[in-house]
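Okay, so here's the structure we're looking at.
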Amino acid sequence: MSEKVEKKESTFGETLKVIVQALLLALVIRSFLFQPFSIPSGSMMPTLLVGDYLFVSKYAYGYSRYSFPFSPNLFSGRIWAGEPKRGDIAVFRLPSDPKVDYIKRVVGLPGDRIQMINSVLHINGDPVKRERIGTFSADGNYENKVNNAPVYRETLPNGVTYETLDAIPNSTTDNTRVFQVPEGHYFMMGDNRDNSADSRLSVGYVPFENLVGRAEMIFFSIGDNTSPLEIWKWPSELRFGRLFEMTE
């Protein structure tokens with residue numbers, strides 16, 4: 001009888017040990033390597049869609065307090081810092097509410113002058129190359145859904161190229177004042193230019209410390225506002241062409 005009890009206790013102890021090790025490994029991966037991130041809105045269409053699930057590299061920009069779960073106030077600034085590049089898709093903590101994660105594209109570096117003139121992005125007084133390449137319609141039903149929105153390909157001065165939407169001609173964000181990006185901050189914009197709360201509006205300039213990581217790859221994508229848990233809908237709603245697609 002005692003041998004059976006000891007065997008059960010040993011089995012329970014081993015199981016508990018495995019669970020603790022798995023949790024610690026997951027914590028290390030999430031804190032130092034990759035964090036999953038889901039896209040809840042259409043602000044980055046057509047590049048990122050509602051229902052995309054991404055891996056975000058935590059090491060790309062080094063580590064700040066916001067790199068870790070619960071954002072412990074262990075230190076200020078960043079360690080092993082890596083500078084964001086113009087055109088990166090970055091996850092960051094909202095400056096006005098650091099509990100909230102946002103994802104946008106880095107378009108302005110420290111010291112840059114950023115302005116929108118007639119829907120065209122200008123960096124330090126020069127217009128960014130922009131060409132019309134087609135139209136875009138989103139699947140699903142959600143706020144600010146777009147249909148037959150003009151798609152433009154932008155090419156930044158460093159050669160990074162990506163697609164943007166201009167769904168509402170002459171919107172309030174198509175013509176802006178000049179934004180002078182402060183040192184240690186970045187100017188972020190959504191690719192869905194007329195439906196994005198970003199540095200042109202309430203988000204403001206994003207401190208380097210607030211950057212969480214860089215979007216790297218879409219590992220899962222499901223359309224029409226379908227929950228990933230609705231497995232029976234996968235055959236019709238999974239976006240197979242977006243699985244394991246690298247972000248740009």
Side-chain angles (χ1 to χ4, degrees), residues 37 39 41-57 60 83-92 102-109 112-140 142 144-176 178-179 181 186-201 203 206 214-219 221 223 239-248:
F37 188 86
I39 303 300
S41 75
S43 69
M44 281 295 294
M45 293 189 298
T47 308
L48 300 177
L49 309 180
V50 176
D52 282 349
Y53 290 78
L54 317 174
F55 282 131
V56 174
S57 62
E83 296 290 333
K85 295 181 176 61
R86 206 189 306 277
D88 282 359
I89 299 175
V91 172
F92 60 93
Y102 266 39
I103 184 166
K104 305 291 179 186
R105 191 178 297 277
V106 179
V107 298
L109 305 180
D112 280 347
R113 289 176 289 110
I114 304 296
Q115 186 177 20
M116 293 292 292
I117 302 175
N118 296 327
S119 303
V120 178
L121 173 63
H122 286 64
I123 300 176
N124 298 322
D126 296 322
V128 168
K129 182 182 176 181
R130 178 177 185 255
E131 57 180 332
R132 173 81 179 264
I133 61 171
T135 60
F136 172 84
S137 295
D139 59 18
Y142 49 86
N144 296 328
K145 177 184 174 181
V146 297
N147 288 299
N148 297 317
V151 179
Y152 291 85
R153 175 160 290 279
E154 284 186 356
T155 304
L156 295 174
N158 62 351
V160 173
T161 184
Y162 51 88
E163 296 177 4
T164 65
L165 299 183
D166 189 11
I168 308 172
N170 299 314
S171 71
T172 55
T173 50
D174 282 338
N175 290 279
T176 70
V178 176
F179 296 92
V181 185
Y186 294 85
F187 196 91
M188 319 294 286
M189 289 177 61
D191 291 348
N192 187 358
R193 290 292 165 74
D194 299 309
N195 286 303
S196 173
D198 51 38
S199 292
R200 296 169 296 174
L201 300 168
V203 171
V206 176
R214 182 180 64 207
E216 300 288 354
M217 183 181 71
I218 300 169
F219 67 87
S221 183
R239 302 182 182 116
F240 290 98
R242 297 181 68 78
L243 303 184
F244 307 109
E245 181 179 285
M246 305 303 292
T247 58
E248 65 172 19

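Ion pair R105/D198 not flagged as a salt bridge, since none of the NZ, NE, NH1 or NH2 atoms sits closer than 4.0 Å to an Asp/Glu carboxylate oxygen. A salt bridge is defined here as a Lys NZ or Arg NE, NH1 or NH2 lying under 4.0 Å from an Asp or Glu carboxylate O, and R193 with E154 meets this definition.
Interatomic distance, NZ of K129 versus CZ of R153, reported as 10.0 Å (0.5 Å rounding). Rounded to the nearest 0.5 Å, atoms CG (L48) and CD (E248) are 10.0 Å apart. One finds the CG atom of N124 at 5.0 Å from the CZ atom of R113 (value rounded to the nearest 0.5 Å). Here N195 contributes atom CG and M44 contributes atom CE; the two are 13.5 Å apart, rounded to the nearest 0.5 Å. Expressed to the nearest 0.5 Å, how far CZ of F37 lies from CD1 of I89 amounts to 11.5 Å. In this structure, CG on D139 lies 6.5 Å from CG on L49, to the nearest 0.5 angstrom.
Note on ring orientation: taking the six-membered ring where Trp is involved, the planes of F55 and F219 are parallel (angle under 30°, cut-offs 30° and 60°).
Among all heavy-atom pairs drawn from K104 and M188, the shortest one is CB-CB, 3.7 Å. When all heavy atoms of S199 and Y186 are compared, the closest pair comes out as OG-O, 4.1 Å. Between R86 and P157, the shortest heavy-atom distance links the atoms CD-CD, 4.1 Å.
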- Message: Applying side-chain contact (heavy atoms from CB on, under 4.5 Å) to L156 and L121, what does each step give before you reach the verdict?
- Response: CA-CA 9 Å; L156 295 174; L121 173 63; 4.2 Å; yes
- Message: As a quick check of understanding, evaluate side-chain contact (heavy atoms from CB on, under 4.5 Å) for N175 and N118, giving each step before the final call.
- Response: CA-CA 6 Å; N175 290 279; N118 296 327; 3.3 Å; yes
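Under a cut-off of 6.0 angstrom, the local environment of CG in N170 is sparse, with at most 12 non-hydrogen atoms contributed by other residues, nucleotides or ligands.
When the options T155, T164, D166 are evaluated for a side chain to side chain donor-acceptor pair (under 3.5 Å) with R130, the one that passes is D166.
S196 places no side-chain N or O within 3.5 Å of a backbone atom of M189 that could act as its donor or acceptor partner. In this structure, the side chain of S137 does not engage the main chain of N147 through any donor-acceptor pair within 3.5 Å.
No side-chain donor-acceptor contact under 3.5 Å links S43 and N192.
Residues satisfying the side chain to side chain donor-acceptor pair (under 3.5 Å) criterion with S171, sequence neighbours excluded, are T173, D174, D194.
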